[in-house]
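Worksheet: the structure to be examined is printed underneath.
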Amino acid sequence: MPKVRFMSLAKEFKEFISRGNVVDLAVGVIIGGAFGAIVGSLVKDIVMPPISYIMSGVDVSSWKAVIAPAVVDAAGKVTKPEVDLTYGNFLQATLNFLIIAAVIFLVVKGINSLKRKEAEKPAEPTAPTTDQKLLMEIRDLLAKK
C-alpha cells in the first residue's frame, strides 16, 4: 500500500511541477538572480566609486558606533570583543536598494514606453470578407448603370 501512495504522490508532484506557472516562476527567479548580480555590480563597480571619490574616499560601510570597546589583556590578546553598531552597512544596503529600485524603475518605464508606442500604431485594415467583396461588386455594377 505505501508504494501506491508514493506513486500517487509522485504523479501529483509531476503534475504540479509541469504546470506552466511553476516553470515560469522558476525562470523568473533565475533571471531575477542574474539581474540582481548585474545591478549589484553596477552599484559596487560603477556608482559607488564616483560617490566615494566625491566623499574623499570615505567608505560608508565602515561607519560604526562603538558601544563597548574591546578588552585586551596585558599580552595584547582580545579577551572581550568590541560591541558596535555597524550602521554604515545599513546605510550602504539602503543606498544599494535605492539604486537598484531606480534601475528597475527605469527598465520598467522603458518597457512601458515601448508597449505604448506599439499600441499607438494604427492597425492595418483587415481584408474584406467574401461577402463584403460581393457587395462591393454589386455596388460598383449598380453605380455604372
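With respect to Val60, the side chain to side chain contact (heavy atoms under 4.5 Å, CB included) criterion is satisfied by exactly one of Leu91, Leu95, Thr94: Leu91.
With hydrophobic clusters built from ILVMFWY side chains whose heavy atoms lie under 4.5 angstrom apart, Val47 shares a cluster with Met55. Under the 4.5 Å side-chain contact rule for hydrophobic residues, Leu42 and Val108 share a cluster. Cluster annotation: Leu142 and Leu134 are assigned to the same hydrophobic cluster (Ile/Leu/Val/Met/Phe/Trp/Tyr, side-chain heavy-atom contacts under 4.5 Å, transitive). Side-chain heavy atoms closer than 4.5 Å link hydrophobic residues (I, L, V, M, F, W, Y) into clusters, and following such links, possibly through other members, connects Ile104 to Ile46. Transitive grouping of hydrophobic side chains (ILVMFWY, heavy atoms separated by less than 4.5 Å) brings Val83 and Leu85 into a common cluster.
For the atom pair Phe90 CZ and Trp63 CH2, the distance stands at 13.5 Å (nearest 0.5 Å). How far NZ of Lys44 is from CD of Gln92: 10.5 Å, rounded to the nearest 0.5 Å. Between Asp131 atom CG and Met136 atom CE the span is 10.5 Å, to the nearest 0.5 Å. To the nearest 0.5 Å, atom OG1 of residue Thr129 and atom CG of residue Leu135 are 8.0 Å apart.
The shortest non-hydrogen separation linking Val66 to Pro69 is CG1-N, 3.8 Å. The minimum heavy-atom distance between Lys133 and Pro128, with the atom names listed, is CE-O, 3.6 Å. Nearest heavy atoms, Ser61 versus Asn89: O-OD1, 3.1 Å.
Here salt bridge (charged side-chain N to carboxylate O under 4.0 Å, His left out) pairs that include residues 72-82, with residues two or more places apart or in two chains, are Lys64-Glu82. Evaluation of the salt bridge (charged side-chain N to carboxylate O under 4.0 Å, His left out) test over residues 89-100, restricted to residues two or more places apart or in two chains, returns none.
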